[in-house]
Number of protein chains: 2
Amino acid sequence: MKAADKAKHRTDMISSALRSAILERVLMPGMKLPEDSLGERFGVSRTLIRQSLERLAAEGLVELRRNKGAMVAKPSLEEARDLFELRTQIEDLVISRVIKNMSPELLAELEAHLAKEVEAENASEPISIRLATEFHILLAKLAGSPVLLRYVEEIGYRCGLTLSLYARPHSTDCGIQEHRQIIEALSKGDEDAARKLMRHHLTAVADRALFTTEEGGPLLYLDALEPYAKKVRDGGA
Amino acid sequence: MKAADKAKHRTDMISSALRSAILERVLMPGMKLPEDSLGERFGVSRTLIRQSLERLAAEGLVELRRNKGAMVAKPSLEEARDLFELRTQIEDLVISRVIKNMSPELLAELEAHLAKEVEAENASEPISIRLATEFHILLAKLAGSPVLLRYVEEIGYRCGLTLSLYARPHSTDCGIQEHRQIIEALSKGDEDAARKLMRHHLTAVADRALFTTEEGGPLLYLDALEPYAKKVRDGGA
DNA sequence: GTATAAAGGATTGCATGCAATTTCACCAGA
DNA sequence: TCTGGTGAAATTGCATGCAATCCTTTATAC
């Protein structure tokens with residue numbers, strides 16, 4: 001058997017592409033996601049699209065209503081609050097585990113990511129939202145618990161989606177600075193400080209997001225998906 | 001539109017049936033789960049079976065290896081430890097939320113469940129494992145956070161599966177007594193006590209499960225599934 | 001002009017078919 | 001007997017087709 005059994009497959013690629021598109025606000029909350037059109041764009045049949053949608057639905061990024069098809073999830077403010085509260089508590093667990101595992105290699109990984117964030121600081125806003133989310137996910141990876149990682153991923157993605165609904169622009173600007181401080185506390189092994197910083201960081205993000213920018217109805221601009229779909233069709237990641 | 005839009009559908013029923021079968025040790029870890037045979041038994045096509053298996057795989061109860069089909073998951077001891085550790089921490093969150101929401105109605109629900117556990121005390125062991133798991137899930141329901149509920153469900157199920165692999169018989173006997181104490185502490189609003197009891201309860205369960213009863217190879221006794229499949233075919237829950 | 005009804009189109013739910021991959025059994029050769 | 005390889009059977013991966021459901025538009029009645 002070939003060494004690379006970890007070959008990601010089409011369903012994974014499609015899920016990832018859709019997830020990125022959602023988190024980068026290319027697909028806005030409420031947008032319909034018809035199986036046919038998506039399949040056509042990605043160059044696969046409805047079967048695979050359906051699988052991907054189901055996966056995203058399990059993550060809470062997509063809502064799946066029986067006989068009515070899928071749409072990008074539109075979390076209510078209440079759900080959003082619940083999510084952010086849970087997030088602070090879950091990430092507490094991450095912090096204490098990362099501190100236990102701390103090592104120079106881990107530190108290097110964290111700083112490398114921070115560098116990416118800095119680099120993209122002036123890129124488009126959606127991309128920096130995604131990178132900010134991925135900082136938290138990287139942290140969770142370093143915690144060494146696969147299940148915990150999954151939960152942080154899910155919550156992080158959903159919070160990202162929520163931000164795209166309720167947050168005003170520039171909500172992530174100071175995020176980078178806060179990330180830097182967290183890394184510093186971690187490197188010193190100061191669990192309390194890291195925890196406090198993380199709490200502060202998350203509540204800050206949440207609080208910045210408390211305006212209801214009521215949006216338009218469910219639209220269907222799948223055209224914006226094209227670059228994401230192309231990558232998949234060409235076999236990219 | 002009919003009032004009951006909550007009509008559970010076949011995929012849900014099949015997933016539930018398989019989940020119960022796994023938790024009740026009817027399907028043992030390592031057993032193969034071929035789509036065809038399952039479809040035949042449940043009276044549906046591979047499509048729905050596949051969906052169900054994928055769902056269970058997302059929950060960690062089933063392992064899905066590419067081109068090689070599904071089998072009941074066989075968590076390693078290491079994963080098991082991780083799971084139990086996470087569980088205590090997650091259930092801490094549940095406790096503090098339940099305390100906030102405490103009310104006579106909630107208390108009644110908890111005691112009703114406890115009564116069921118007592119009643120089934122002398123029933124078959126797998127069923128009491130399932131009931132014990134469901135106690136924790138009920139608690140999580142009362143915590144009022146859908147996401148937290150999902151996590152407790154998943155972790156609970158997976159721990160149940162783990163117990164079926166590593167635990168020796170009678171590992172749940174004193175569980176009921178401990179559940180009773182937890183309810184008591186909750187009713188008094190004593191968060192610390194409840195938390196300690198829960199911790200103690202969970203670590204006790206985990207510690208009882210530290211023997212490696214190495215198992216046989218992957219077998220295929222799908223016949224034992226028959227009663228579960230029949231329920232689904234007849235439209236039961 | 002509003003409201004209700006019916007028809008047509010669009011979209012999902014599920015089963016089935018075919019190609020690709022894996023598994024197993026069997027057999028040759030050392 | 002053990003190793004290695006070859007072919008057939010079993011099983012999954014994916015696409016497609018048909019029926020059922022839902023949505024929209026048009027037509028009809030009041």
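None of these values were measured; they are calculated from a predicted model. Note on naming: letters A, B, ... go to the chains in the order of the sequence lines (proteins, then strands), and numbering restarts at 1 for each one.
The side chain of A:Lys68 places an N or O atom within less than 4.0 Å of a non-bridging phosphate oxygen (OP1 or OP2) of D:dC23. Considering only side-chain N and O atoms, B:Arg65 lies nowhere under 4.0 angstrom from the phosphate OP1 or OP2 of C:dT21. Considering only side-chain N and O atoms, B:Ser45 lies under 4.0 angstrom from the phosphate OP1 or OP2 of C:dA15. Side-chain N/O atoms of B:Arg66 include none lying less than 4.0 angstrom from OP1 or OP2 on C:dA20.
Rounded to an integer number of Å, the gap from CG of B:Asp36 to P of C:dT22 is 18 Å. The nearest whole Å value for the distance from the CD atom in B:Glu35 to the P atom in C:dC14 is 16 Å. The distance between atom CD1 of B:Ile49 and atom P of D:dC14, rounded to the nearest whole Å, is 19 Å. Between the CD atom of A:Glu63 and the P atom of C:dT12 there is a distance of 15 Å, rounded to whole Å. Between the P atom of C:dC14 and the CZ atom of B:Phe42 lies a distance of 15 Å, rounded to the nearest Å. The CG atom of B:Leu53 sits 10 Å away from the P atom of D:dG13 (whole-angstrom rounding). A:His9 has its NE2 atom 10 Å from the P atom of C:dT21, to the nearest Å. Straight-line distance from the CG atom of A:Leu48 to the P atom of D:dT16: 11 Å, rounded to whole Å.
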Practice problem: List the steps, then state whether side-chain contact (heavy atoms from CB on, under 4.5 Å) holds for A:Arg41 with A:Lys230. | Solution: CA-CA 8 Å; A:Arg41 282 201 176 270; A:Lys230 184 164 184 3; over 6 Å; no
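The side chain of A:Thr47 has D:dA15 as its nearest neighbour among D:dG13, D:dA15, C:dA15.
Here the closest non-hydrogen pair linking A:Ser15 and A:Leu56 is O-CD2, 4.0 Å. Between A:Arg97 and A:Ser145, the closest heavy-atom pair is NH1-CB, 3.3 Å.
When atom types are taken as modelled, the side chain of A:Asp36 and the backbone of A:Arg46 share no donor-acceptor pair closer than 3.5 angstrom.
Only one option out of A:Glu59, A:Glu154, A:Glu134, A:Glu24 pairs with A:Arg19 in a salt bridge (charged side-chain N to carboxylate O under 4.0 Å, His left out); it is A:Glu59.
Side-chain contact, B:Glu117 with B:His179: a donor N or O sits under 3.5 Å from an acceptor N or O.
Within the 4.5 Å cutoff, no side-chain heavy atoms of A:Thr133 are placed close to those of A:Cys159.
Counting non-hydrogen atoms under 4.0 angstrom, A:Arg50 reaches a base of the nucleic acid.
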Taking N or O atoms only and anything under 3.5 Å, show me the protein contacts with nucleotides 17-20 of chain D, one pair per line.
unit_1: D:dG17; atom_1: O6; unit_2: A:Arg46; atom_2: NH2; d: 2.7

